[in-house]
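Numbers here are sequence positions counted from 1.
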Amino acid sequence: MKKYLILILLPFFMGCEKDSVGTRNPFLPDYPVNLNINLNLPTFSNLKFPGNGVLITTAGVGIRGVFVFNSGTGYTAFDAACPNQALSDCSSMTLNGINAKCPCDDAEYSLFTGLSEGKNYPMKAYRTEVNGNIVRVYN
């Protein structure tokens, strides 16, 4: 019986890599986010249309602010801090169409997925939920 148990569990232990990148980003701290966005306000009205995003830099919202994006199938929200850079003067990303751009290394991250080709860490994602004309962003 012990032999079978070892044979069953062995692939699980062999599949782990020490050098793999974990899901915890060492560059970005965890800050609480709880934001309600009213789509009826002129500032956020373009979020009603797919492919549009906004950067919200209100104090206390995320590390360097939060991008909120209408993907056409729902809303995505990501922190505006460059995920592959230590926090510095250049680590605040800017909105560039359907991407966010990090000025430190000129990397562009998709606001659909939060990914950038060739980078170790994706953008820090936040949860979203829609209730009528209110989009809630939280973690």
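Between Ala81 and Leu28, the shortest heavy-atom distance links the atoms CB-CD2, 3.6 Å. Summarising the geometry of Pro50 relative to Gly72, their closest heavy-atom pair is CB-CA, 3.7 Å, with the distance given to 0.1 Å. For the residue pair Ser88 and Arg64, the shortest heavy atom distance occurs at O-NH1, 3.0 Å. Taking each heavy atom of Asn139 and Arg127 in turn, the nearest pair found is C-NH1, 3.8 Å. Closest of all the heavy-atom pairs between Val66 and Ala77 is CG1-CB, 4.2 Å.
Ile134 forms part of no hydrophobic cluster, judged by ILVMFWY side-chain heavy-atom separations under 4.5 Å. Cluster partners of Phe49, using a side-chain heavy-atom cutoff of under 4.5 Å among ILVMFWY residues and allowing indirect links: none. Grouped by direct or indirect side-chain proximity (heavy atoms under 4.5 Å, Ile/Leu/Val/Met/Phe/Trp/Tyr only), Tyr138 sits alone.
When atom types are taken as modelled, the side chain of Asn25 and the backbone of Pro83 share a donor-acceptor pair closer than 3.5 angstrom. Of the possible donor and acceptor atoms, one in the side chain of Tyr75 sits under 3.5 Å from a partner among the backbone N and O of Leu47. Judged by distance alone, with hydrogens and angles left aside, the side-chain atoms of Ser116 form no donor-acceptor pair with the main-chain N or O of Lys119 at under 3.5 Å.
No side-chain heavy atom of Val137 sits under 4.5 Å from any side-chain heavy atom of Glu129. You'll find the side chain of Leu87 reaches within 4.5 Å of the side chain of Pro29, heavy atoms only. Side-chain contact check for Val54 versus Asn46: some heavy-atom pair is nearer than 4.5 Å. Between Pro26 and Tyr121, the closest side-chain pair of non-hydrogen atoms falls below 4.5 Å. Considering only heavy atoms from C-beta on, Phe78 stays 4.5 Å or farther from Lys124 through its side chain. Looking only at side-chain heavy atoms (C-beta outward), Asp30 and Arg24 come within less than 4.5 Å of each other. Looking at heavy atoms from C-beta onward, Thr76 lies out of side-chain contact with Asn70 at the 4.5 angstrom threshold.
Hydrophobic clustering (side-chain heavy atoms under 4.5 Å, transitive across Ile, Leu, Val, Met, Phe, Trp, Tyr) groups Leu95 together with Met123.
Under the side chain to side chain donor-acceptor pair (under 3.5 Å) criterion, Asn38 pairs with no residue at all, not counting sequence neighbours. Under the rule for a ring-ring contact (aromatic ring centres under 6.0 Å, His included), the partners of Phe69 that lie at least two apart in sequence or sit in another chain are Phe112. Partners of Glu108 according to the side chain to side chain donor-acceptor pair (under 3.5 Å) rule, which considers only residues two or more places apart in sequence or in another chain, are Asn96, Asn99.
Put simply, the residue from Ile56, Asn52, Val68 that forms a side-chain contact (heavy atoms from CB on, under 4.5 Å) with Phe44 is Ile56.
Within the model, atoms OH of Tyr31 and OH of Tyr126 stand 9.5 Å from one another, a figure rounded to the nearest 0.5 Å. One finds the CG atom of Asn133 at 12.5 Å from the CG atom of Asn36 (value rounded to the nearest 0.5 Å). Interatomic distance, CG of Leu39 versus OG of Ser45, reported as 8.5 Å (0.5 Å rounding). Note that CD1 of Ile63 is 12.5 Å distant from CZ of Phe27, once rounded to the nearest 0.5 Å. Annotation: the span from Asp105 atom CG to Ser91 atom OG amounts to 10.5 Å, rounded to 0.5 Å.
Thr128 and Arg136 share no side-chain donor-acceptor pair at under 3.5 Å.
Here the two cysteines Cys90 and Cys102 have their SG atoms 2.5 angstrom or farther apart.
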